[in-house]
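Reviewing the structure listed below.
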Amino acid sequence: MSTPLPVIANVSRVVTKVVDRVAGDRAEVPLMVAAATVEALKNHGITAQIFYGPAAWVEILENQQAIWAGCWGKSLHFWAATTTGEIVDLNTSVAHRKRGHSQPQLKAIYSPPILWSAEVPSFYRYIPEGIAEIELTEERDKKQFKTVLDEIAEKCRPALLRGDLEEFPNEPILCPGRKILDDSLESFKHFDRALGVQGIPQPAPI
């Protein structure tokens, strides 16, 4: 069973906004994003867990070249997954804001949409290695996460859903059934067009 679209809209909008505001850039804190996603879904009666492992996705560079980016080798990525098999990664749409460790000189301008689907297109790769928990030791991190959780508790509740009027974040998002919702800049359209010309780079890193 897929997560209802109003819940996807509510959780993706609230979590992306609050983590970007509190942490400065959610692309830098994937574990916090995944943990916040799990908590927000719990408020809607949906069970999810944080997974970790290598992950990769295709990004488009300034010269329109398609490359693989992500976390593999000594780097790990974090994402959420529901008990119905949906992978939820609210960071892929902003992954291009972060320079790669292996080739920091390359600047990407497009990355894939937010992923919220059990069907995962071939421009993403996820290999779950285990289930993670968030354990914060620094006082600053604890305060940031508490702020995130407080806002989720306030704004992610079934009673607040507005059905078809529920607002999605202004970022491309891939929903269940391969339904693509683009942003106001048509970022996915540009990503998809470049990918159509270049093709998915081979071989994939994971």
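Contact annotation: the side chain of His190 never approaches that of Ile60 to less than 4.5 Å [non-hydrogen atoms, C-beta and beyond]. Here the side chains of Lys17 and Pro169 are not in contact, with every heavy-atom distance at 4.5 Å or above. Under the 4.5 Å side-chain criterion, counting only non-hydrogen atoms from C-beta, Val58 is in contact with Pro201. In this structure the side chain of Leu115 never reaches within 4.5 angstrom of the side chain of Trp79, judged on heavy atoms.
When all heavy atoms of Glu62 and Ile109 are compared, the closest pair comes out as CG-CG2, 3.6 Å. Considering every non-hydrogen atom in both Cys156 and Asn43, the closest pair reads O-CB, 3.0 Å. Looking at every heavy atom in both residues, Ala40 comes nearest to Ile152 through CA-CG2, 3.6 Å. Counting all heavy atoms, side chain and backbone alike, Ile8 lies closest to Ile173 at CG2-CD1, 3.8 Å. Between Glu154 and Leu160, the shortest heavy-atom distance links the atoms O-CD1, 3.2 Å. Across all their heavy atoms, Phe145 and Ala36 have their closest contact at CE1-N, 4.3 Å.
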* To do: Before giving the answer on side-chain contact (heavy atoms from CB on, under 4.5 Å), spell out for Arg193 and Gln64 the whole-Å C-alpha distance, their side-chain angles and the decisive distance to 0.1 Å.
  => CA-CA 10 Å; Arg193 183 183 294 150; Gln64 299 297 297; over 6 Å; no

* To do: Output, in order, the C-alpha distance, side-chain angles, deciding distance and verdict of salt bridge (Lys or Arg N to Asp or Glu O under 4.0 Å) for Arg21 and Glu151.
  => CA-CA 11 Å; Arg21 192 185 74 243; Glu151 192 155 323; 2.6 Å; yes

* Start with the C-alpha gap between Ile200 and Trp68, add the side-chain angles, then the distance that decides, and say whether side-chain contact (heavy atoms from CB on, under 4.5 Å) holds. => CA-CA 9 Å; Ile200 293 175; Trp68 282 102; 3.6 Å; yes

* **Verdict with reasoning, Val18 to Lys155, per side-chain contact (heavy atoms from CB on, under 4.5 Å)** => CA-CA 10 Å; Val18 67; Lys155 296 179 178 178; over 6 Å; no

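Linking ILVMFWY residues whenever their side-chain heavy atoms come closer than 4.5 Å, directly or via other members, places Val88 and Ile114 in the same cluster. Note: the hydrophobic cluster containing Trp72 does not contain Leu31 (ILVMFWY, side chain heavy atoms under 4.5 Å, direct or indirect links). Both Tyr52 and Ile50 belong to a single network of hydrophobic side chains, linked directly or stepwise wherever heavy atoms of I, L, V, M, F, W or Y lie under 4.5 Å apart. Both Leu181 and Val14 are members of a single hydrophobic cluster when ILVMFWY side chains are connected at heavy-atom separations under 4.5 Å. Linking ILVMFWY side-chain heavy atoms closer than 4.5 Å, directly or via other members, places Val94 and Leu90 in two distinct hydrophobic clusters.
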Run the side-chain donor-acceptor check on residues 121-143: report pairs under 3.5 Å with partners two or more places apart or on a different chain.
residue : atom : partner : partner atom : Å
Tyr124  : OH   : Pro113  : O            : 2.8
Arg125  : NH1  : Ser122  : O            : 2.6
Tyr126  : OH   : Asp89   : OD2          : 2.7

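Within the structure, salt bridge (Lys or Arg N to Asp or Glu O under 4.0 Å) pairs that include any residue of residues 169-192 comprise Arg26-Glu171, Glu119-Arg178, Glu186-Lys189 (at least two apart or interchain).
Heavy-atom neighbours of Asp164 CG from other residues, nucleotides or ligands within 6.0 Å: at or below the threshold of 12.
With no hydrogens or angles considered, no side-chain donor-acceptor pair links Asn91 and His77 at under 3.5 Å.
For the atom pair CG of Asn170 and CZ of Arg13, the computed distance is 12.5 Å after rounding to the nearest 0.5 Å. Taken to the nearest 0.5 Å, the CG atom of Asp20 stands 11.0 Å off from the CD atom of Glu28. The line from OG1 of Thr92 to CH2 of Trp116 is 12.0 Å long, rounded to the nearest 0.5 Å.
Side chain of Glu86 to main chain of Thr3: a donor-acceptor pair is present (N/O by atom type, distance under 3.5 Å, no hydrogens or angles).
Checked against Ile46 for a side-chain contact (heavy atoms from CB on, under 4.5 Å), the options Val38, Leu41, Thr84 give a single hit: Leu41. Looking at Pro172, Ser93, Pro112, Ser111 one by one, the single match for side-chain contact (heavy atoms from CB on, under 4.5 Å) with Phe191 turns out to be Pro112.
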